[in-house]
Number of protein chains: 2
Amino acid sequence: MAVPSSVSVTPTASPLFLRENEVRRGVELLFFGYTRLTRAIDEGLAEHGLGRAHHRALYFIARQPDLPISTLLKILAITKQSLGRVLTDLGDRGLVETRTGNVDRRQKLLRLTPEGVQFEAQLFDALRNSLASAYAAAGQESVTGFWRVLEGLIPAEDKAMVVALQRDI
Amino acid sequence: MAVPSSVSVTPTASPLFLRENEVRRGVELLFFGYTRLTRAIDEGLAEHGLGRAHHRALYFIARQPDLPISTLLKILAITKQSLGRVLTDLGDRGLVETRTGNVDRRQKLLRLTPEGVQFEAQLFDALRNSLASAYAAAGQESVTGFWRVLEGLIPAEDKAMVVALQRDI
DNA sequence: GAAGATGGGACAGCCATATTGACGTATCTT
DNA sequence: AAGATACGTCAATATGGCTGTCCCATCTTC
């Protein structure tokens, strides 16, 4: 309480008491930032009777058409059963379709239907509005720092997965 | 697919197709970064039979001792009933205690017990390890950018709340 | 001092999303 | 032919949200 209210950049190595504040600030901003960003799409999802779990699947299928289910399972890090329910819902609504893999016929490759593409794009618009305005307010240099810190939060064993997602950008 | 795999900083205003990639990159890094950070404390919570909802309450009570319940409700943005369950669990385990407010006797002010302080500190250690190493890898300039972008994601009406949290740093 | 607003607690029931464990089938690999 | 892998499915369970309703204590306002 009696500590000076400096929340500014610490140019050199921080003493421990400042380091804690920097960490708490990151924890809080991540919490609020993440929850507010996801909230931006809830309304659009609710119109179709879907939840955030459906959006996560929709998002990554949009990102990598012909994604095998096993890959999506690794990305989302949930169980087959949980994903199964989500994919059933998306299939029932005509947003996602599967086809048998041609190199491995055991695989089912996921992709969006035209309706799915349109719906995902609509949801993405909301995300873009939020993130693009945050990017613009912060400036491009800040965006680079934003990415760098977040990359540092991803454990080494998961990094390949994220890189693969962004490989074809 | 045929687009060059540049994920580097775009120095000036981005053409639209790059803007989308920048946004998708942010969405993905936020998703993976946030989920991996929260995963860092699951084990410690499970030892007490608690979940993430309990940690969120614990965290903000640690952050602002003598927090009234109404304020915590605004921070977490959940219903009174949902929070009530969480606080009951924390109280039963002797981690959180309440006392009647002295300016407004209707209020119950929340604070951690000594055991609660110790437990929260233990969980915070896991968060610190993750975030501090990400900070160190990215560098202080990146940390500033990280904060700036996340601040831009918080709607104006919620900003005062976050600032209040960080006021006494 | 009475009326209304506010802070908090509690009951009942519901929903979304995740979990574990077990088992079955088709297909690929060796 | 044997084993591993990809996917589907059944049953049961846990967590963490939600709505609606009602209650009590206390503060504020007229």
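As the structure is a computational prediction, the values presented were derived from the model and not from experiment. In what follows, chains carry the letters A, B, and so on, assigned in the order in which the sequence lines appear, proteins first and then strands, with residues in each chain numbered from 1.
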Using whole Å, report how far [atom1] of [X] lies from [atom2] of [N].
X	N	atom1	atom2	answer
Leu87(A)	dG8(D)	CG	C1'	11 Å
Leu110(A)	dG8(D)	CG	C1'	13 Å
Lys80(A)	dA6(D)	NZ	C1'	7 Å
Leu76(A)	dC7(D)	CG	C1'	16 Å
Leu58(B)	dG16(D)	CG	P	13 Å
Ile69(A)	dG8(D)	CD1	C1'	9 Å
Arg105(B)	dT28(D)	CZ	P	13 Å
Leu45(A)	dC18(D)	CG	C1'	17 Å

The reported gap from CG in Leu109(A) to CD1 in Ile69(A) (rounded to nearest 0.5 angstrom) is 9.0 Å

Is the shortest side-chain N to carboxylate O distance from Arg148(A) to Glu141(B) below 4.0 Å? no

What does [X] touch in the nucleic acid at a heavy-atom separation under 4.0 angstrom: a base, only the sugar-phosphate, or nothing?
X	answer
Ser82(A)	base
Gly84(B)	nothing
Ser70(B)	sugar-phosphate
Arg52(A)	sugar-phosphate

Looking at Gln81(B) and dG20(D), is any side-chain donor or acceptor paired with a base atom of the opposite kind under 3.5 Å? yes

Is the shortest side-chain heavy-atom distance between Gln107(A) and Thr100(A) below 4.5 Å? no

Phe32(A) vs Leu153(B) side-chain heavy atoms within contact, under 4.5 Å: no

Flag if over 12 foreign heavy atoms under 6.0 Å of CZ, Arg105(B): no

Minimum-distance nucleotide to Ile78(B) side chain [options: dA6(D), dC18(D), dC7(D)]: dC18(D)

Assign each of Thr79(A) and Arg106(A) to its nearest nucleotide of DNA chain C by heavy atoms, then name whichever residue's nucleotide is nearer the 5' end. Thr79(A)

Relative to the 5' end of DNA chain C, which residue comes earlier, Arg85(B) or Lys74(B), by the nucleotide with the nearest heavy atom? Lys74(B)

Ring centroids only, cut at 6.0 angstrom: are Phe124(A) and Phe119(A) within range, meaning strictly under it? no

Extract, from 5' to 3' on DNA chain C, the first and final nucleotides lying under 4.0 angstrom from some heavy atom of chain A. dT17(C) to dC28(C)

Report the C-alpha distance between Arg24(B) and Glu20(B) in whole Å, list the side-chain angles of each, state the deciding distance to 0.1 Å, and finish with yes or no for salt bridge (Lys or Arg N to Asp or Glu O under 4.0 Å). CA-CA 6 Å; Arg24(B) 291 213 180 263; Glu20(B) 162 150 356; 3.0 Å; yes

